[in-house]
Amino acid sequence: MVTNFLNYYKYQSTLRELVESRFIVVGLDIKHSIEGSVNLGIPLSQTENTQEILNRVKAADEQIRSVEVFAISGADGNRLFGTDAEGIGKKGPESWVNGAESKDSNTWQFDEPEAFGVGIALINSFNKRIGGIVVRYSRAYQQTKIEAMFQSLARTVLIVFGIACVLAFIGVYVFFRPISTTFSRMTASLSSLLSNEEPVLNAANAETPEEKHYAAFQEKTHKVLAVLREAEEQGLTDAKETEPPVL
C-alpha cells in the first residue's frame, strides 16, 4: 500500500518533468528564431516576426495559456511581445528577470494558481543575456492525469485491502475455531459439574491437549466436591443426632 502511494508521487513528479520538458522545447524553438535575428544586428524590440511566431505557437497547442518575450538589458523586464495583448509594454515579475539573469541555468520553472510556467533566457552573440521567453501552460492536463492515476491507485489499494481483510478474517476463524470449540466444551462441562451432573467432557472424549488437561483437573475437582458433599451431609446428620429433645 505504501509502495502504491510512493509510486503515485513518483508518477506526479515524472509527469511534471515530462510536461516541463515539452514546453521548454517549445521555448527553445522560439529562442533560436529570435536569437537568429538578434545576431544579425536587429534589436530585440524590433524583431518583427516575433509576435507572429508567438501567436502561431499558442494557436498550435491548447494547453498554452500565453507566450511572452521580455527584455532585461536596460528595460528592467518590460514585455516586448506576447499573446496577452494587455501585458505588452508592462513590467514582468521580478522572478522572470532573476531567472533570465541567473548564470546557473538558461531555463527556469515557476508556479501560478492556475498555471505552470517555464522560462528560457535569450543570449546574444556576445554571450550577454538580453531577455527571456516565458511559456505559461494550464495545470488542467497534469491534474487530469494525476487524478486518474490517484483513482486507479485508490481502487487498487481498496481491492488489496479488501482481500487482505477477507484473508485475515478466514485466518482468524480457522485459527480460533478449535480454541472456541474447546472453550465451549470446557465451560459446558464445568457447568454440569457444578450442577452435580455427569460432566460433558472427560478423559475418554477429550480431543485436544487442553481438553485432556482440563479432564484431569475436572476429575480431581469432582473428587474434592464429592468429599465436600459427603462431609456436609455427615455434618447435618451429626447435628440432628445431637439435637436436644423437645419438651
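Sequence positions, counted from 1, serve as the residue numbers for this chain.
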Enter the distance from [X]:[atom1] to [Y]:[atom2] here, rounded to the nearest 0.5 Å.
X: Ile34; Y: Asn39; atom1: CD1; atom2: CG; result: 11.5 Å
X: Leu122; Y: Leu80; atom1: CG; atom2: CG; result: 9.5 Å
X: Thr83; Y: Ile53; atom1: OG1; atom2: CD1; result: 13.5 Å
X: Glu86; Y: Ser66; atom1: CD; atom2: OG; result: 12.0 Å
X: Ile130; Y: Leu44; atom1: CD1; atom2: CG; result: 5.0 Å
X: Ile24; Y: Glu17; atom1: CD1; atom2: CD; result: 10.0 Å

Side chains of Arg129 and Asn124: is there a donor and an acceptor less than 3.5 Å apart?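 Not at all, the side chains of Arg129 and Asn124 share no donor-acceptor pair under 3.5 Å.
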Quick one: closest heavy-atom pair of [X] and [Y], and the distance?
X: Ala100; Y: Ile72; answer: CB-CD1, 4.1 Å
X: Thr50; Y: Phe81; answer: CG2-CD1, 3.6 Å
X: Arg79; Y: Gly87; answer: CD-O, 3.2 Å

Does [X] reach the side chain of [Y], with side-chain heavy atoms less than 4.5 Å apart?
X: Tyr137; Y: Val118; answer: yes
X: Arg136; Y: Glu68; answer: yes
X: Asn106; Y: Ile120; answer: no
X: Lys128; Y: Ile123; answer: no
X: Phe70; Y: Asn78; answer: no
X: Glu35; Y: Thr47; answer: no
X: Glu20; Y: Thr107; answer: no
X: Lys91; Y: Trp96; answer: no

Check against salt bridge (charged side-chain N to carboxylate O under 4.0 Å, His left out), Asp111 and Arg16: CA-CA 12 Å; Asp111 291 354; Arg16 175 160 184 178; 2.2 Å; yes
Cation-pi geometry met for Arg139 and Phe116 (6.0 Å, 45°): yes
One pair to check against salt bridge (charged side-chain N to carboxylate O under 4.0 Å, His left out): Asp84 and Lys90. What are the steps and the verdict? CA-CA 11 Å; Asp84 181 8; Lys90 296 180 181 179; over 6 Å; no
Within a radius of less than 6.0 Å around CD of Glu112, do more than 12 heavy atoms belonging to other residues, nucleotides or ligands occur? yes
Main-chain N/O of [Y] paired with [X] side-chain donor or acceptor, under 3.5 Å:
X: Ser102; Y: Asn98; value: no
X: Lys58; Y: Val67; value: no
X: Ser37; Y: Ile42; value: no

Side-chain heavy atoms nearer than 4.5 Å, only ILVMFWY residues, links allowed to pass through others: does that put Val57 and Ile88 together?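 As far as the 4.5 Å side-chain criterion goes, Ile88 and Val57 are not connected within one cluster.
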